[in-house]
Structure formats: structure tokens, C-alpha cells
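Side chains included, hydrogens not; waters and symmetry mates left out as well; all remaining heavy atoms used. In the text below, chain A, chain B and the rest are named by the order of the sequence lines, each starting its count at 1.
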Amino acid sequence: MKLSKAYEPNTYEPEVYALWETSGAFAPTGQGEPYSIVMPPPNANADLHVGHSLETIKDIVIRYQRMNGRDTIYIPGADHAGFETWVVFEKALEKEGKSRFDFSREILYKMTWDFVEQNRGNMELQVRALGVSCDWAANTFTLDKKVVETVYETFKKMWDEGLIYRGERIVNYCTQHQTSFADIEVVFREEKSHLWHIAYPVVENETAAEIIVATTRPETMLGDMAVAVHPDDKKYKDLVGKMVRLPLTDREIPIVADEAVELGFGTGAVKVTPAHDPLDFDIGQRHDLEPLQIIGLDGKITDNAPRKYRGMDVDTARETVVKDLEELGLIRKIEKFEHQVPHCYKCGSVIQPLIMKQWFMDVQPLAQRAKKVVEAGEIKFTPAQKADELVRYYDEMRDWNISRQIPWGIPIPAFQNVADEDDWIFDARVDQAEITVAGKTYQRDNDTFDTWFSSGQWPFITTDFLSGGELARFYPTTLMEHGVDIMRPWCSRMIMFGLYRTGQVPFRNVYLHGMVTDEKGQKMSKSKNNVVNPMDIIDEYGSDALRIGIVMNRSAGQAQAFSVASVVAGRNFCNKLWNIARFIEGQDKNRDIDEPKSLPEAVRSYDEAKVISPVTTGGNHVPKEDGLASPINSASAPTLLPRRSSCLSSQDSSLTLSPSFDSRVAVSCGSALDAPISLADHWVLRQLDTARKTIDGHIKNYRFAEAVDIVYHVVWDDVADWFIEASKINPRPAFLRHVLDIILRLVHPFAPFVSETIWMTLHDDETLLISQKWPEKLIFDKAKAAEFDQIKELVSSVRFITTELPAGKYDLIYEHEPLINENSDLIEALAGLKSVRPTKKGRGMRLAVTDHAAWLDIDEDLLYEHQTRLEMRLVAVREEITNLEKRLSSSGYVDRAPKHLVEETKRQLDDKRTLETRLIAELDVMKE
RNA sequence: GGGUUUGUAGCUCAGUUGGCUAGAGCGUGCGAUUCACAUUCGCAAGGCCGCAGGUUCGAGCCCUGCCAGACCCACCA
């Protein structure tokens with residue numbers, strides 16, 4: 001036997017993947033309508049997390065479309081993940097007792113590059129281990145030359161159009177990482193603090209000697225430039241325009257009226273610190289207040305503050321300021337207060353809103369254009385309501401701070417005149433620290449782009465759309481699939497940039513998956529120590545098991561717990577498929593007995609045609625010398641597929657007529673060998689055909705869990721439990737192989753490794769399942785399939801009764817029943833009966849649920865036990881009849897409900913009444 | 001504060017525009033089995049579909065309110 005006793009995924013998966021890769025099966029064929037997916041590039045420097053196993057979703061789609069003859073490409077990538085990677089790298093530096101300030105930017109960039117290079121291969125091997133059938137030839141790193149060049153073009157275009165500006169803005173600044181963050185990179189945490197009420201003395205005023213402000217950050221008062229009140233606040237009406245003396249300083253600041261102040265909160269008066277609070281910055285802009293920076297980039301009080309406080313960190317300054325104010329008797333009240341405090345999402349330190357000169361992008365022109373497209377439904381979202389969320393987000397978007405103060409990233413191509421700080425020019429010569437243009441000296445800006453600025457251009461960069469490369473036909477891409485968490489930062493920007501640069505949407509469809517949480521529904525995070533490593537799961541259960549387990553029971557956009565139980569179910573499924581194949585292979589050994597050795601002429605001619613068929617990968621099996629290294633546990637060189645390996649070197653083996661396996665031969669030429677004969681044959685074809693159509697519908701509607709469910713059950717329930725069991729009466733290897741052929745194709749997008757392993761092992765030719773066609777419409781006899789339904793029903797009925805009876809084998813007897821007569825062996829075997837034989841007059845226990853005159857030949861005392869069950873069943877049936885009658889007699893139903901439903905209901909009622917009559921008759925007989 | 005979303009079997013979740021007896025996996029109980037598979041087979045039990053109203057011939061699904069949770073956004077000092 002070629003198939004080993006148990007399916008051991010780790011033995012086969014690495015080599016199967018290598019075979020796919022070297023055979024060129026992942027590359028687009030250039031024929032058929034394009035279907036393209038771009039992978040959200042995983043962090044090049046990190047291991048995959050379990051959420052990445054949802055790449056399975058894209059892989060299911062791409063494999064399915066590939067099998068359906070589309071010209072497919074799935075473009076992989078790797079992300080330099082600017083900030084994420086920088087944090088990891090800086091920690092590594094610190095371990096060596098060094099800091100970023102010890103090196104120049106060039107050196108840091110080079111060091112980080114090397115650091116990432118060491119780890120990058122890992123991530124890509126892990127993607128392979130998941131079985132993702134992406135085209136590695138198209139692999140793109142976010143710092144590749146073409147990426148940088150395109151990003152610079154975009155930046156230049158925006159610069160020229162006035163969409164890029166240098167702005168003094170409040171930014172979210174982490175004093176630990178010494179960089180600013182986008183709003184979305186800041187996490188707010190509820191914190192218990194205090195609200196200090198501080199009295200500011202009013203200068204020369206009779207009506208009030210002081211005005212009291214409330215603040216959670218008393219230390220920032222050192223940078224106060226005004227006190228603001230609401231214009232409608234009667235309490236302060238007379239004070240607007242007056243000056244107050246700012247305690248602890250020698251400055252006097254005005255009282256201004258501004259609508260941003262909320263009436264009724266705190267004291268109604270707000271201290272205004274334009275340099276350290278976003279709201280205050282806005283107020284300052286409206287009232288021409290000069291921001292005074294009193295907290296520096298290092299998180300310490302600057303020289304702009306009174307001498308006493310200079311150099312203190314923020315917390316110390318706060319304590320000192322409060323103490324000093326208390327001594328002056330200016331603290332009027334201290335309230336307990338809970339509020340949202342911004343924290344760095346990486347290191348957790350408090351974010352300081354600081355004023356900085358930064359590069360900004362004017363987002364609204366792009367956002368509004370993107371909004372229109374989304375509103376118009378030009379991109380189909382799954383789940384659909386996410387599109388509405390995106391539309392709202394576009395309206396809310398504020399100008400985007402695109403510069404970051406870290407060396408790891410794409411340098412911003414801008415230079416500043418050393419003699420005029422407002423004179424900036426665009427120049428791509430970022431490898432030079434200083435350039436001379438028109439006799440003036442310019443210094444390079446040391447900032448880099450926010451990662452989303454470049455990744456937002458990903459679809460048209462990776463497809464080389466702007467330069468009209470070979471992959472340009474794949475833009476706009478067909479499907480974008482990623483997690484709900486990055487819809488705002490990433491998806492929104494891809495649409496904006498896509499429209500801006502190409503005039504087209506970057507993708508036609510968006511599918512958003514929910515987060516994978518731990519088994520308790522908690523977010524996975526390193527700090528909670530609840531992270532599941534997908535590679536561990538693959539080691540233990542296999543890649544296919546993980547793929548099935550992660551997709552099973554998961555619906556779009558919903559967060560869902562990772563479930564080992566589902567993975568186990570996936571593994572068991574693979575094992576089931578494996579054993580179906582083993583069984584069929586075992587039957588195959590005996591094929592000489594019932595099949596002619598010489599193949600029909602039609603088969604021969606088909607096989608010749610096959611050689612030039614684009615579907616097969618015939619001549620492409622040229623393994624690279626070094627290309628077969630296995631992604632995981634490469635140490636144990638698999639012993640699988642010995643024959644396949646030898647095939648690889650035999651270039652013309654596809655010309656040899658294979659006597660064994662390709663059942664498409666039979667499908668297409670109508671060979672009698674694998675045509676359906678028995679009732680079970682017709683029935684299983686019907687089940688498979690229904691499954692095929694249902695899966696088509698589910699994939700089209702992005703309902704992957706449902707598709708998996710169908711595959712799971714058609715293979716396990718229909719094929720294994722019924723068809724194969726039934727076929728044991730009279731096994732016909734050719735037809736069994738035909739069925740196996742179909743299920744392997746149906747299974748392949750979902751569990752590619754095990755299906756391919758079986759395919760390759762049982763095929764003597766060089767074909768790969770990955771390149772086969774998805775099953776087409778299957779031909780079967782409906783009446784015969786329905787007859788098998790009846791047999792199934794009969795068998796289930798017998799099983800139901802006999803499990804309740806004392807252990808032992810029973811006889812089934814029947815009156816003039818041709819169906820039973822012709823299938824008595826089958827029924828006997830499936831139902832575990834002693835015998836099935838005809839009789840003139842039935843006796844014992846009549847099988848109530850079927851239409852057939854069949855009885856279990858049992859003793860009277862057993863019969864009595866069964867009487868109760870029949871009576872219970874009669875009660876249930878009568879209840880159903882009452883319900884149906886009620887429905888049919890209700891005034892509106894017959895008139896208003898769809899006709900077919902009404903017909904259906906009537907038919908049901910008839911059926912139930914028939915059943916009722918029969919039950920009554922049987923009970924009468926029993927009582928006699 | 002605003003928005004989104006969830007509540008269905010012991011657990012994790014499906015249930016498409018309202019329409020047959022509300023399903024799956026795992027778990028549970030009973031039984032079987034050396035012949036592809038104990039990663040097996042058969043049978044079964046288990047549901048006021050969060051609560052209360054409403055619309056409808058008909059509601060797990062639509063509407064209103066309430067209870068309980070999750071997530072996102074936001075400048076309440």
C-alpha cells in the first residue's frame with residue numbers, strides 16, 4: 001500500500017509545499033479572467049501570530065478560483081513595520097548597553113536592516129507552513145526600491161499640489177520612544193486622578209479678586225497663556241478681556257471667551273496651555289496666543305519655565321507646583337477625578353501632547369473622494385455595515401501627521417535650507433545628509449514616513465500598475481482581506497491613495513475578519529501570556545487541521561475565540577479523508593478481477609490530449625537544486641512519495657499512459673468503468689453535486705465557515721458513513737476512485753496538504769491536485785438516488801429500534817416490496833440485521849416511519865415495549881397535524897403566503913395524516 | 001459622551017431577503033467494534049433563541065423599551 005497507516009501531516013506538508021512551489025503552480029497562468037489578492041504584509045521581523053492563520057481565508061479563495069480556471073495571483077509581502085520593529089531593535093540595543101544616540105542615522109538604518117534580515121526568513125517559512133499558495137516571485141518588502149520610488153512620486157505629487165505641509169501642531173509624543181504618534185496609535189486608559197481647583201488672581205478688578213480654574217495637569221500652568229470661559233457664561237461675563245496674574249510666574253495672561261469651553265464643567269473656567277493640550281492649541285489659534293513650550297522632548301521642564309522647575313520630570317513638577325500653590329493658599333479644592341489618559345501603545349508611558357514641527361498631509365481632499373466611492377458601493381464590503389463605518393471615518397479624519405522620528409523606515413525626501421528654516425525643498429537624494437541646490441545648502445530631514453503612508457499604496461505598488469509591469473493586469477485587485485482592526489489605518493488609506501494615484505479603486509471587494517481571541521474571549525497579548533503560536537498548533541495537529549479549525553464557526557467581522565477543539569475536529573477530518581483514500585486504494589488492488597485490462601479507445605485519445613492541456617503542470621516539475629528545503633522540521637527528510645520523486649526527473653513520463661487513476665478520463669469519455677450503477681452510486685453523486693453547488697454559493701458570498709461545514713459533512717457523513725459502507729456489498733474500484741477524485745477536488749481549497757498528498761501518492765503521472773479543475777456538474781439518476789434515500793430511511797429506522805432492544809441480531813421481513821427485495825444484502829449490512837427476507841404476511845414490529853411493508857421479526861414481549869413509543873409518536877404527529885391545520889385555516893396564510901409554501905404545507909398535512917392512519921392501524925394490530 | 005456590536009444546547013458558535021420539526025463542532029449518556037479509520041461506528045439526551053411589549057397569516061430574524069457584555073471613536077480641562 002502506498003498510503004501509510006495514519007496521516008502524519010508533518011511528514012508530508014513541507015515537501016508537498018516545496019513541490020507546489022517549484023512546480024510553478026502558484027504563478028498566474030496568464031489565461032482566464034484575472035483574480036488577484038494582495039497579502040497584508042506581515043511584520044518581517046516577527047513570528048506569525050495565530051491571527052495570521054486566517055490567511056487561510058484568502059488561500060481558500062485563491063485555490064478555488066485557480067481550480068475554476070481564473071488567472072490567479074496571491075501576492076505575498078513583508079512589512080518593515082517601522083515602529084514595531086524599531087521598539088524591538090532598540091530593546092536589543094539597550095541589552096548591549098547602547099542607545100540610538102550612539103550612532104548616526106545611516107548606521108542605525110544599516111544595523112536595523114541586518115537585524116531584520118536575520119529574522120525575515122522565519123516569517124516567510126511560517127507563511128509557507130500555513131500552506132498559503134502565494135506567488136513568491138512577486139514577493140515585495142516594504143523597503144524595496146520600487147516601493148520607495150513610488151512613495152516618493154506620491155509624496156512629490158502631493159507636495160506639488162499643496163497637500164503636504166509643514167505644520168506646528170500638537171502631536172502625541174512619547175518621551176520614552178522620542179517619537180510622535182498618530183491618534184490611532186495612542187491608547188486611552190481610565191485613570192484615577194484629581195481635579196485641582198486653582199485660584200488665579202485677577203489684575204485690578206473690583207468685581208472679583210480671582211478666577212478659579214480646574215485642571216488635571218497643574219504642572220502645565222507654567223505654560224498657560226490665557227484663561228478661557230464660555231461666551232455665554234454669565235458668571236464670567238465681566239471678566240472677559242481682563243488680565244490675570246499667573247501664579248508661580250511673573251507673567252500676566254488674558255481671560256478670553258471661547259465656545260470650546262463647556263458650560264457647567266468644573267468651575268467653568270479653563271486654563272489654556274496651547275503648547276501641551278490639543279484643545280488649548282485650538283483655542284490659542286483662535287485668540288492669537290503664542291504657545292510656550294514648558295515640557296521638552298525629553299519629558300522634562302524646559303527653560304521657558306521659572307528657574308525652580310527646570311529639568312524636573314513631569315510628575316515631580318506636578319507635585320512641586322501643587323505644593324507651592326498650597327503654600328501660597330491658591331488651591332481652593334481638590335476633587336477626586338477619573339479621566340482618560342493617553343498612553344503609548346508600546347511602552348505604556350504617558351503621552352505628552354507637545355508642539356512640534358511635523359510633516360502633515362491634508363487628508364480631506366483624498367478622504368472625500370474615497371468616501372464617495374465607498375458610498376456609491378464601488379467596493380463591496382463584507383460585512384456590509386463596515387462600509388458605513390468607513391464613510392463616517394472619512395468625514396472625521398483630521399490632517400495626518402506622516403513623519404516619525406525613527407531611523408527605521410522610508411526617509412522623508414525633504415531638505416531644509418540651513419539659512420532659512422522655512423525654506424524646504426523636495427529631493428530624493430536622501431542618502432546625502434547635505435545637498436547644494438542653486439548655491440544654497442540644504443540639510444536632510446531626519447524623519448521617516450509613518451508606515452501607513454507607504455503601506456497605503458500597497459495594491460498598486462505590488463502589481464506594478466503605474467509602471468505597467470507584467471502584473472498590472474491584476475489591478476484593481478479582486479479581494480482585500482484583513483482584520484477589522486486595521487480597516488481605519490490601512491484599508492481607508494489604500495482606497496484614498498489608490499484613487500489618488502491610479503484613478504481607480506485598489507480592490508473590488510473587502511472581507512474583514514474578526515480578531516482571534518484566546519479561549520476565554522480575551523484579546524491575545526504577550527503581557528497576558530495567552531498567545532497561541534500557530535507553528536505549535538501545526539506541529540501538533542498539522543497545517544490543514546489548523547486551517548479548518550480556524551475557519552470553522554467563524555463569521556465575518558466577529559471576534560471569535562481560538563478553539564483547539566475545532567482544530568482537533570479539523571485533524572480528525574483529515575484523518576477521515578486519509579482513511580477513505582486508504583480504503584479505496586485497498587479495493588483498487590483487486591481491480592483486475594472486475595475490470596478489463598485494456599482501456600477504451602476514448603481514454604487513450606483523452607490522455608494524448610492531456611499532454612498539451614494547460615491544466616496539467618506536466619513539464620514544469622523541475623526541482624531547484626536547493627529549492628526543496630522544508631519549511632519546518634526539515635531534519636527528517638520525508639520518505640513520502642518515493643515514486644513521485646522519481647517522476648520528477650523523468651521529463652517525458654507524462655506520455656506514458658497511466659492505467660490507474662485519473663478519473664476525469666472516465667468523466668469526459670463516459671467510460672462504463674466508473675459510471676454510477678448502484679443506488680448508492682447515484683445517491684452519492686447527487687450529494688456531491690449538491691455540495692459542489694452549495695460550496696460555490698458560499699464562497700461567492702464569502703461564507704467560509706459554511707463552506708467548510710458542507711465539505712466536512714459531505715465527506716464524512718455522505719461519502720464515508722453511507723456511500724462507502726454501502727459500496728462494501730459490491731465494491732467497484734473505478735467508481736470508488738471516481739468519488740475519491742471528486743472529494744479530493746472539493747476538499748483541496750480547504751485542506752490542501754492532505755488532499756494533495758493523497759492525490760500525488762495515488763497518481764502515477766505528474767499531475768498536481770492544486771492545478772486540477774474544480775468539479776463540474778455531475779450526472780446521476782434522480783430516481784435511483786431517491787430510492788437510496790428510502791433505504792437510508794429504512795436503515796435508520798431499524799437502527800433506532802434495535803439499539804433500544806436487547807443486544808443481538810434481528811430479522812427483517814417484508815411483503816411485496818421490490819426495493820427491499822433487490823437490496824436485501826445492502827439493508828442487512830447497513831442495518832446490522834441477521835437477515836432480510838420476504839414473507840407472505842408481516843408479523844412482529846412494523847417499521848412505522850417508512851412507506852414500506854416491513855417488520856422486525858421480534859417476540860411479543862419486546863413488541864409491547866415498542867407500543868409505548870408508537871403511542872408517543874402518535875401524540876407528536878397529532879400535534880404537528882393540529883399546527884398545520886391551524887396554519888391552513890388562519891385567515892391570511894392561504895391568501896398571502898407564497899403559493900409554493902401553501903402547497904408544501906398541504907402536502908405535509910396529507911403526509912402526516914397518512915402517517916397518523918398507519919400508526920393507528922399498527923397500534924390496533926398490536927393490541928389485538 | 002458618541003458609534004458599532006453581541007446575548008441561541010454544558011462550552012464555542014452557525015442560522016442569508018421573516019416561511020418546513022432551530023443546526024454544527026466539542027462535551028455528555030447508552031451501545032457496538034479486531035474486516036479504511038478509537039483521530040472509529042450507531043443511537044440518544046440536551047434550547048421560555050437575554051427579558052417585556054409591538055408589527056405580521058407567520059418572528060431566533062423586523063420595531064420599541066429594558067437587562068447584561070464586548071469593541072471602536074472622542075479635546076470634557
Side-chain angles (χ1 to χ4, degrees), chain A residues 1 3 5-7 170 183-184 188 195 213-217 220 228 260-262 265-267 269-273 277-283 337 339-340 353 383 385-386 388-389 392-393 396 484-485 487-488 514-515 517 519 521 523 541 545 549 552-555 557-566 568-587 697-698 701 703 705-706 709 712-713 720-721 724-725 728 796 799-804 807 831-832 876 879-880 883-884 887-888 890-898 900-901 904-905 907-908:
Chain A
M1 233 187 218
L3 292 168
K5 174 107 173 123
Y7 177 60
I170 289 271
D183 289 349
I184 44 182
F188 283 83
L195 195 57
V213 297
T215 182
T216 52
R217 303 193 57 195
T220 62
V261 179
E262 193 182 333
F265 184 88
T267 62
V270 186
K271 55 192 277 312
V272 180
T273 321
D277 183 280
L279 175 68
D280 293 4
F281 180 83
D282 291 345
I283 295 176
F337 192 71
H339 65 145
Q340 299 285 324
Q385 68 270 21
K386 286 288 168 187
D388 305 332
E389 186 185 328
R392 264 178 268 122
Y393 176 63
E396 290 165 9
V484 284
D485 55 332
M487 182 182 80
R488 286 162 181 247
M515 298 294 96
T517 63
E519 303 233 16
K523 248 188 194 170
Y541 301 101
M552 200 178 243
N553 282 349
R554 185 173 295 273
S555 60
Q558 285 309 124
Q560 210 210 306
F562 176 78
S563 154
V564 174
S566 295
V568 169
R571 180 205 53 184
N572 293 354
F573 172 78
C574 294
N575 184 63
K576 181 50 95 172
L577 185 70
W578 184 258
N579 277 290
I580 290 171
R582 287 190 75 223
F583 172 76
I584 292 176
E585 192 203 357
Q587 298 303 312
H698 285 325
N701 293 311
R703 302 183 77 86
E706 286 85 341
D709 195 62
Y712 184 97
H713 288 287
D721 288 347
I724 288 197
E725 290 307 318
K728 285 178 179 171
S796 291
R799 284 173 178 171
F800 175 72
I801 294 163
T802 52
T803 46
E804 299 285 313
E879 201 174 311
E880 286 168 30
N883 285 338
L884 291 170
R887 190 182 305 168
L888 281 170
S890 80
S891 56
Y893 182 71
V894 178
D895 303 333
R896 295 189 211 179
H900 71 271
L901 270 176
E904 181 72 33
T905 310
R907 211 174 316 132
Q908 275 172 19

(request) Among the candidates B/rC43, B/rG42, B/rC37, find the nucleotide nearest to the side-chain atoms of A/Asp721. (result) B/rG42
(request) Send over the distance from A/Asp485 CG to B/rC72 P, rounded to a whole Å. (result) 9 Å
(message) From C-beta outward on A/Asp277, which listed nucleotide comes closest to its side chain: B/rA36, B/rA77, B/rC73?
(response) B/rA77
(request) Please state how far atom CG in A/Asn579 lies from atom P in B/rC35, giving the value in whole angstrom units. (result) 12 Å
(message) Is there a side-chain contact between A/Asn575 and A/Phe573 in this structure, where contact means two heavy atoms from C-beta onward sitting under 4.5 Å apart?
(response) no
(message) Measuring from the side chain of A/Gln385 (C-beta onward, heavy atoms only), which nucleotide among B/rC75, B/rU4, B/rC37 has the closest atom?
(response) B/rU4
(message) Side-chain N or O of A/Lys728 versus OP1/OP2 of B/rC41: is the shortest distance under 4.0 Å?
(response) no
(request) Please state the P separation for the pair B/rG31 and B/rU5 - nearest whole angstrom. (result) 49 Å
(message) Side chain of A/Glu396 only, heavy atoms from C-beta on: which candidate in B/rA77, B/rC73, B/rU16 is closest?
(response) B/rC73
(message) Between B/rA45 and B/rG23, how far apart are the two P atoms, rounded to whole Å?
(response) 13 Å
(request) Taking all heavy atoms of A/Phe562 and all of A/Val564, pick out the closest pair and write down the distance. (result) CE2-CG2, 3.9 Å
(message) Given 3.5 Å as the limit, does a donor-acceptor pair link the side chain of A/Asp709 with the main chain of A/Ala705, or not?
(response) no
(request) Calculate the interatomic distance between A/Met487 atom CE and B/rG3 atom P; express it in whole Å. (result) 17 Å
(request) Give the minimum heavy-atom separation between A/Val484 and A/Gly514, together with the two atoms involved. (result) CG2-CA, 4.2 Å
(message) Under the side-chain contact (heavy atoms from CB on, under 4.5 Å) test against A/Ile283, which residue among A/Asp277, A/Val272, A/Val270 passes?
(response) A/Val272
(message) What's A/Arg571 touching, base or sugar-phosphate or nothing? Going by heavy atoms closer than 4.0 Å.
(response) base
(message) Counting the atoms with a prime plus P, OP1 and OP2 as sugar-phosphate, which does A/Ala720 contact under 4.0 Å by heavy atoms, base, sugar-phosphate, or nothing?
(response) base
(message) Side chain of A/Arg799 only, heavy atoms from C-beta on: which candidate in B/rG42, B/rA36, B/rA44 is closest?
(response) B/rG42
(request) Specify the separation, in whole Å, of atom CD of A/Glu389 and atom P of B/rU5. (result) 9 Å
(request) Between B/rU21 and B/rC26, how far apart are the C1' atoms? Round to whole Å, please. (result) 24 Å
(message) Quick check for you: among B/rC13, B/rU39, B/rA36, whose closest atom lies nearest to any side-chain atom of A/Gln560?
(response) B/rC13
(request) Using atom CD of A/Gln558 as one end and atom P of B/rA14 as the other, report the distance to the nearest whole Å. (result) 6 Å
(message) Looking at B/rA77, I'd like to know if its phosphate oxygens (OP1 or OP2) sit under 4.0 Å from a side-chain N or O belonging to A/Thr216.
(response) no
(message) Rounding to an integer number of angstrom, what distance separates B/rG47 and B/rG15 when you compare their C1' atoms?
(response) 14 Å
(message) Categorize A/Ile724 for me: base, sugar-phosphate, or nothing, with a 4.0 angstrom heavy-atom threshold over every strand shown.
(response) base
(request) Determine the interatomic distance between P on B/rU6 and the same-named atom on B/rG42; round to the nearest Å. (result) 36 Å
(request) For B/rU40 versus B/rG25, give the span between their P atoms, rounded off to a whole number of Å. (result) 12 Å
(request) Round to a whole Å and report the spacing from CZ of A/Phe562 to C1' of B/rU12. (result) 12 Å
(message) Need to verify one output field. Residue with the more 5' nearest nucleotide on RNA chain B, A/Thr517 or A/Arg217?
(response) A/Thr517
(message) Pick the closest RNA chain B nucleotide for A/Asp280 and for A/Glu706 by heavy atoms, then say which residue is nearer the 5' end.
(response) A/Glu706
When you compare the protein's N or O atoms with those of nucleotides 24-28 of chain B, which come within less than 3.5 Å of each other, and at what distance?
from	atom 1	to	atom 2	distance (Å)
B/rA24	O3'	A/His713	NE2	3.3
B/rA24	O2'	A/Asp709	OD1	3.3

(request) Of all the heavy-atom pairs spanning A/Thr517 and A/Ala561, show the shortest one and how long it is. (result) OG1-CA, 3.1 Å
(request) Could you give the distance separating B/rG53 and B/rA59 at their C1' atoms, to the nearest angstrom? (result) 14 Å
(message) What is the distance, to the nearest angstrom, from the NZ atom on A/Lys271 to the C1' atom on B/rA77?
(response) 8 Å
(message) Looking at A/Lys386 and A/Glu389, is there a salt bridge between them, counting it only when a charged N and a carboxylate O are closer than 4.0 Å?
(response) yes
(message) Can you see if the side chain of A/Lys386 gets near the phosphate of B/rU4 - specifically, an N or O under 4.0 Å from OP1 or OP2?
(response) no
(request) Mind telling me whether A/Tyr7 and A/Trp578 have parallel, tilted or perpendicular rings, with 30° and 60° as the class edges? (result) tilted
Just the atom pairs and distances: protein N or O near nucleotides 59-63 of chain B's N or O, under 3.5 Å.
none

(request) Taking the six-membered ring of A/Tyr712 (Phe, Tyr or Trp), confirm whether the NZ or CZ of A/Lys576 is under 6.0 Å from its centre and within 45° of its axis. (result) no
(request) Over all heavy atoms of both residues, which pair between A/Glu725 and A/Asp721 is shortest? Give the atoms and the distance, please. (result) CG-O, 3.2 Å
(request) Extract the stems that RNA chain B is part of, considering only consecutive pairing runs of at least three Watson-Crick or G-U wobble pairs, both distances under 3.5 Å. (result) B:1-7 with B:67-73, B:10-13 with B:23-26, B:28-32 with B:40-44, B:50-54 with B:62-66
(request) Looking only at non-hydrogen atoms, find the nearest pair between A/Ala545 and A/Cys574 and report the distance. (result) N-SG, 4.3 Å
(message) Measuring only the P atom in each nucleotide, how far is B/rC51 from B/rC61? A whole number of Å is fine.
(response) 11 Å
(request) Starting at atom CZ of A/Phe583, determine the distance to atom P of B/rU39, rounded to an integer number of angstrom. (result) 21 Å
(message) Taking 4.0 Å as the cut-off, does a side-chain nitrogen or oxygen of A/Arg703 come that near to OP1 or OP2 on B/rG15?
(response) yes
(message) Does any part of the side chain of A/Ser566, heavy atoms only, come nearer than 4.5 Å to the side chain of A/Gln560, both counted from C-beta?
(response) no
